[in-house]
J.: 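My questions all concern the structure below.
Convention: sequence-line order gives letters A, B, ...; per-chain numbering from 1.
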Number of protein chains: 2
Amino acid sequence: MKIGEIAKRTGLKIETVRFYEAEGLVSPPLRSGGNYRLYDRSHLDRLSFIKRSRDLGFSLDQVRALLRLADDPQESCAEADTIAAVHIAEIDRKLADLTALRAEIAHWGGTCTVGTVAECRVIDALSH
Amino acid sequence: MKIGEIAKRTGLKIETVRFYEAEGLVSPPLRSGGNYRLYDRSHLDRLSFIKRSRDLGFSLDQVRALLRLADDPQESCAEADTIAAVHIAEIDRKLADLTALRAEIAHWGGTCTVGTVAECRVIDALSH
DNA sequence: CTTGACCCTCTAGTAGGATGAGGGTTCATA
DNA sequence: TATGAACCCTCATCCTACTAGAGGGTCAAG
């Protein structure tokens, strides 16, 4: 299949598929006579794996490591577990940060649409 | 005061202070005979405002808009309210995303440190 | 033979800085 | 007077993970 179809099937953009190839995350596919990339099932699997990992918030470096592991089924699962655990910890930290942020901004009280900036709670909160 | 001191007082890095100047968020300060930047109280206030806004997650473009408003106290508060409301909505969206993510990853079950990649729940979940 | 959909490479841009090279300044101390 | 440490300067390059655009080639249908 050509790049447009694999993009549609994986949910990636065409440019992103090419980008992943340039980054070495997928091997360069064969080319047609007209120099078009021709993908097969294994590319589809690999790109889907990447897409899914990215959707779950793993960084490209983490994806790289996960792919390396997935490529070698004899390898121990420990490293994959560690990557997942680190990622969960990151998510929890971000959740805590955002929750605190939301609380702080919400604490400013409702809107104050009627007044001028001079009495604006938003500007005031940022100034001190 | 020189850039090192204002950086320490605002909690910004020296490079970031210079970056904000290059971006037009703060006006260029006076220079000493030796070409050092010399800041005064107004710079300190402005940079603190920026730092606080950034810490609360506003983008530099949002900060720019907030600064413009803060500079003109006669202006209506409505725009500042809108910026804050948009930001809260963004935070809520991110919170929802991260919560869903966390649930999905947690759903993989605990770790599987003992096995090989072939039976690894992490790799398996990413493959399908 | 042309039109439109698709594909190619290469370059540059995005946010918000971080890092480093290669220098100049200031001030206290030897 | 020299010198060393701490501070400052500009300019260029790098980071993540793409995205957009220029300028062109390919292919099938009508």
Side-chain angles (χ1 to χ4, degrees), chain A residues 1-26 28-40 43 46-67 83 86-87 90-91 94 97 101, chain B residues 1-26 28-40 43 46-67 83 86-87 90-91 94 97 101:
Chain A
M1 76 198 94
K2 287 182 288 180
I3 199 168
E5 193 186 339
I6 208 169
K8 199 162 297 175
R9 287 220 218 170
T10 54
L12 293 166
K13 290 192 161 195
I14 289 179
E15 298 82 11
T16 308
V17 174
R18 285 196 284 246
F19 172 72
Y20 288 162
E21 179 185 333
E23 285 293 296
L25 287 160
V26 287
L30 293 176
R31 297 293 182 119
S32 73
N35 200 30
Y36 288 8
R37 289 172 177 82
L38 295 178
Y39 295 94
D40 60 21
H43 290 103
R46 197 171 177 89
L47 284 167
S48 301
F49 184 102
I50 298 173
K51 170 74 159 88
R52 181 144 171 68
S53 304
R54 291 288 302 137
D55 282 349
L56 287 168
F58 290 98
S59 72
L60 280 193
D61 268 352
Q62 288 173 323
V63 174
R64 237 180 285 269
L66 289 168
L67 282 170
I83 293 171
V86 164
H87 187 45
E90 247 168 66
I91 291 176
K94 282 186 195 167
D97 283 359
L101 229 66
Chain B
M1 75 200 93
K2 286 181 291 182
I3 198 168
E5 193 184 339
I6 208 168
K8 198 160 296 174
R9 287 219 217 174
T10 54
L12 293 166
K13 290 195 158 197
I14 288 178
E15 298 81 14
T16 307
V17 174
R18 284 195 285 244
F19 173 71
Y20 288 162
E21 179 185 332
E23 286 293 298
L25 287 160
V26 287
L30 292 176
R31 297 292 183 120
S32 73
N35 201 31
Y36 287 9
R37 288 172 177 81
L38 296 178
Y39 295 93
D40 60 23
H43 290 102
R46 196 168 178 94
L47 284 167
S48 301
F49 184 102
I50 298 173
K51 171 75 160 94
R52 182 145 171 68
S53 304
R54 292 289 300 140
D55 282 349
L56 288 168
F58 290 99
S59 71
L60 281 192
D61 268 353
Q62 288 173 322
V63 174
R64 237 180 286 271
L66 289 168
L67 280 170
I83 293 171
V86 164
H87 187 44
E90 247 169 68
I91 292 176
K94 283 186 192 167
D97 283 358
L101 229 65

J.: Hey, what do you get for CD (A:Glu15) to CD1 (A:Ile3), rounding to the nearest 0.5 Å?
T.: 8.0 Å

J.: How many Å lie between CZ on A:Phe19 and P on C:dT11, as a whole number?
T.: 16 Å

J.: Starting the side chain at C-beta, find the nucleotide from C:dC7, C:dA18, D:dT10 nearest to B:Lys13.
T.: C:dA18

J.: Can you check the A:Ile6 CD1 to C:dC6 P distance for me, whole Å?
T.: 16 Å

J.: Would you jot down, in residue-number order, the residues of residues 59-67 of chain B having a non-hydrogen atom under 4.0 Å from DNA chain D?
T.: none

J.: Starting at CD1 of B:Ile3 and ending at P of D:dA6, how long is that distance when rounded to a whole Å?
T.: 19 Å

J.: Among D:dC9, C:dC8, D:dC8, which is the nearest nucleotide to the side chain of B:Ile14?
T.: D:dC8

J.: Under the side-chain contact (heavy atoms from CB on, under 4.5 Å) criterion, do A:Phe19 and A:Leu60 qualify, and how do the steps go?
T.: CA-CA 12 Å; A:Phe19 172 72; A:Leu60 280 193; 3.8 Å; yes

J.: With a 4.0 Å cut-off, would you call A:Asp61 and A:Arg64 a salt bridge?
T.: yes

J.: Compare every heavy atom of A:Val63 with every heavy atom of A:Ser53, then report the nearest pair and how far apart it is.
T.: CB-CG2, 3.7 Å

J.: From C-beta outward on B:Thr16, which listed nucleotide comes closest to its side chain: C:dA18, C:dC8, C:dT19?
T.: C:dA18

J.: Write out a two-atom table: protein N or O, nucleotide N or O from nucleotides 23-27 of chain C, distance below 3.5 Å.
T.:
| residue | atom | partner | partner atom | Å |
| --- | --- | --- | --- | --- |
| C:dG24 | N2 | B:Tyr36 | OH | 2.6 |
| C:dT25 | O4' | B:Tyr36 | OH | 3.3 |
| C:dT25 | O2 | B:Tyr36 | OH | 3.3 |
| C:dT26 | OP1 | B:Gly34 | N | 3.2 |

J.: How is A:Phe58 classified with respect to the nucleic acid when contacts are heavy atoms under 4.0 Å: base, sugar-phosphate, or nothing?
T.: nothing

J.: For the pair made of OH in B:Tyr39 and C1' in D:dC9, what is the distance, rounded to whole Å?
T.: 12 Å

J.: Under 4.0 Å between a side-chain N/O of B:Arg37 and OP1 or OP2 of D:dC9, yes or no?
T.: yes

J.: Whole angstroms only, please: what is the CZ-P distance between B:Arg54 and C:dA15?
T.: 11 Å

J.: Roughly, in whole Å, what's the span from OH in A:Tyr20 to P in D:dT16?
T.: 13 Å

J.: Going by the side chain to side chain contact (heavy atoms under 4.5 Å, CB included) test, name the single residue among A:His43, A:Glu21, A:Lys2 that passes it with A:Arg37.
T.: A:Glu21

J.: Got a second to check how far B:Gln62's CD is from B:Leu67's CG, nearest 0.5 Å?
T.: 12.0 Å

J.: Rounded to whole angstroms, how far apart are CD on A:Glu15 and C1' on C:dA12?
T.: 14 Å

J.: Say you draw a straight line from CG of A:Leu56 to NZ of A:Lys51; how long is it, rounded to the nearest 0.5 Å?
T.: 10.0 Å

J.: Roughly how far, to the nearest 0.5 Å, is the CG atom of B:Leu101 from the NE2 atom of A:His87?
T.: 5.5 Å

J.: Kindly say if A:Arg18 contacts the phosphate of D:dA20, meaning a side-chain N or O under 4.0 Å from OP1 or OP2.
T.: no

J.: When you measure from the side chain of A:Arg46 to the backbone of A:Leu25, do you find a donor-acceptor pair of N or O atoms at a distance under 3.5 Å?
T.: yes

J.: Calculate the interatomic distance between B:Glu21 atom CD and C:dG17 atom P; express it in whole Å.
T.: 15 Å

